[in-house]
There are 2 protein chains.
Amino acid sequence: MDAVKIPTTRNGKATFQLIIDTTLDLFYKQGYHNTTIANITETAGIGAGTFYLYFPNKLMLYKHILKLLQHDIRRTIAAKVSTVEGRYNKEKEGIKTFIEYAIKYPHSYNIIWESLYIDKNLFIEYYDGFAKRYEIGLKQSILDGEMHDVDTELVSYILMGVSNFIGLKVLLNLGTNNNDVEKIVDQVMSIIKTGIFK
Amino acid sequence: MDAVKIPTTRNGKATFQLIIDTTLDLFYKQGYHNTTIANITETAGIGAGTFYLYFPNKLMLYKHILKLLQHDIRRTIAAKVSTVEGRYNKEKEGIKTFIEYAIKYPHSYNIIWESLYIDKNLFIEYYDGFAKRYEIGLKQSILDGEMHDVDTELVSYILMGVSNFIGLKVLLNLGTNNNDVEKIVDQVMSIIKTGIFK
DNA sequence: TCATAACCTGAAGATTCATTCAGATTATAT
DNA sequence: ATATAATCTGAATGAATCTTCAGGTTATGA
């Protein structure tokens, strides 16, 4: 068996969820590679064998968690973006939501990035998928005349790079100005809008 | 002993270097966590005990390598940037050199990023240091009237984010347009210069 | 040349960790 | 009520890996 086994009863579901919650916390604190199965089961207060009732190994558990997080982060951004009009506002809302998300759920941010060092293909799938979605909106904005005729693929990577590094900065508390997300986002947007050179 | 022991004789230096070269390759191909000491010594064709003659453990070897790479990448960029005049040209040269470096030495790029999941402080030190250097140049450009009065800390993170994600894109061969670095850099610069919105 | 320090080896012990499994408990549907 | 499936346990096995060390080789400087 190499797939995740979904429990059917109430007790089973609770244990399943307990494993996921415990693991989220441990992966965040210690990283994927430094977290052992024994580590997870002991912290969760369950028998070692119970783990294997639901997950064939640590990697499958990671993949399962990654999928959950990806859905959640995308859903959150999509929901927020849909509440505003115009590409500029949508872009701003997207970046803001992403950074807020990174601050609110540093676990997620951390675990998604770690995929690069667990299974490179997971990472590629994630960011390539993200970029492709981005491009759809960008292309529309160009058609609408809201945006210059840029290379949408490149711009989607640029925007991901910007969001991710600002997220990283805020998350790791690098530098000094981390207090006010709204303010940070405003500045980022103004730079994206008009460029930095005279 | 918890430090790296530098060899004194010619043979010693050769073995030391052999360990580093072998490890660079293995870390790149398999990642830090999937690379064992036995793995390194066998590939290098030396006895297991020889490793411990120079490095107390894998982490110290990693730190040593990371330091070497950081110096090299910074030196390379600084050298290139100093050959051109004006902040815009310097910025362009910096981004171009960074991306070229990532393509030429994917090992380095990969190993530096991995620090986030080996020892978070190493990662923080690296990028915070990089940002601080960046800021010096940016501040000067503002004084010279070449650049808008932006938040230099924020802009340095934005520029790092952009370079890193473009590097990532090219490296992982994401998307389609990866052939011509010069062309990519030109587009990136034009976006940074004038912004993306009308 | 030869004493000495540096260098090198790989088998062996120690440790950590993943995974199994026989046996026990619990929930649920009929 | 009870048969059945689902759930749970944790000691035990075994595989992978780190690290040491006693003994051997090589290079170098006096």
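Throughout, protein chains are lettered first and strands after them, A, B, ... in sequence-line order, and every chain is numbered starting at 1.
- Judged as a side-chain hydrogen bond (donor to acceptor under 3.5 Å, both in side chains), the pairs with a partner in residues 134-145 of chain B (not counting sequence neighbours) are, in order, B:R87-B:S141, B:E91-B:Y134, B:E135-B:T152, B:Q140-B:D144.
- Listed by chain and residue number, B:D186 satisfy the side-chain hydrogen bond (donor to acceptor under 3.5 Å, both in side chains) test with B:K92 (two or more places apart in sequence, or in another chain).
- Among pairs with a residue in residues 46-56 of chain A, none fulfils side-chain hydrogen bond (donor to acceptor under 3.5 Å, both in side chains), at least two apart in sequence or across chains.
- Counting to the nearest Å, the C1' atom of C:dA18 and the CZ atom of A:F55 are 16 Å from each other.
- Residues meeting the side chain to side chain contact (heavy atoms under 4.5 Å, CB included) test with B:T23, sequence neighbours left out: B:I19, B:F27, B:I40, B:L61, B:I65.
- In terms of the salt bridge (Lys or Arg N to Asp or Glu O under 4.0 Å) criterion, B:K120 has no residue partners (sequence neighbours excluded).
- Take B:T43 and apply the side chain to side chain contact (heavy atoms under 4.5 Å, CB included) test, not counting sequence neighbours, and it matches B:T22, B:L26, B:N39.
- The outermost nucleotides of DNA chain D lying under 4.0 Å from heavy atoms of chain A, listed 5' to 3', are D:dA6 to D:dG10.
- Among residues two or more places apart in sequence or in another chain, the side-chain hydrogen bond (donor to acceptor under 3.5 Å, both in side chains) test is passed with A:K132 by A:D128.
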Protein-nucleic acid N or O pairs under 3.5 Å, nucleotides 7-9 of chain C:
| residue | atom | partner | partner atom | Å |
| --- | --- | --- | --- | --- |
| C:dC7 | OP1 | B:T8 | N | 3.0 |
| C:dC7 | OP1 | B:T9 | N | 3.3 |
| C:dC7 | OP1 | B:T9 | OG1 | 3.4 |
| C:dC8 | OP1 | B:T15 | OG1 | 2.5 |
| C:dC8 | OP2 | B:T15 | OG1 | 3.4 |
| C:dC8 | OP2 | B:Y54 | OH | 2.7 |
| C:dT9 | OP2 | B:G47 | N | 2.7 |
| C:dT9 | OP2 | B:T50 | OG1 | 2.8 |

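- Listed by chain and residue number, nothing satisfies the side-chain hydrogen bond (donor to acceptor under 3.5 Å, both in side chains) test with B:K80 (two or more places apart in sequence, or in another chain).
- Applying the ring pair (Phe, Tyr, Trp, His ring centres under 6.0 Å) criterion to B:Y117, with sequence neighbours excluded, gives no partner residue.
- Between A:K58 atom NZ and C:dT19 atom P the separation is 10 Å, expressed in whole Å.
- A perpendicular orientation is assigned to the rings of B:F130 and B:Y126, their planes being inclined by more than 60° (bins at 30° and 60°).
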Dump the pairs, protein N or O against N or O of nucleotides 13-17 of chain C, anything under 3.5 Å, distances to one decimal.
none

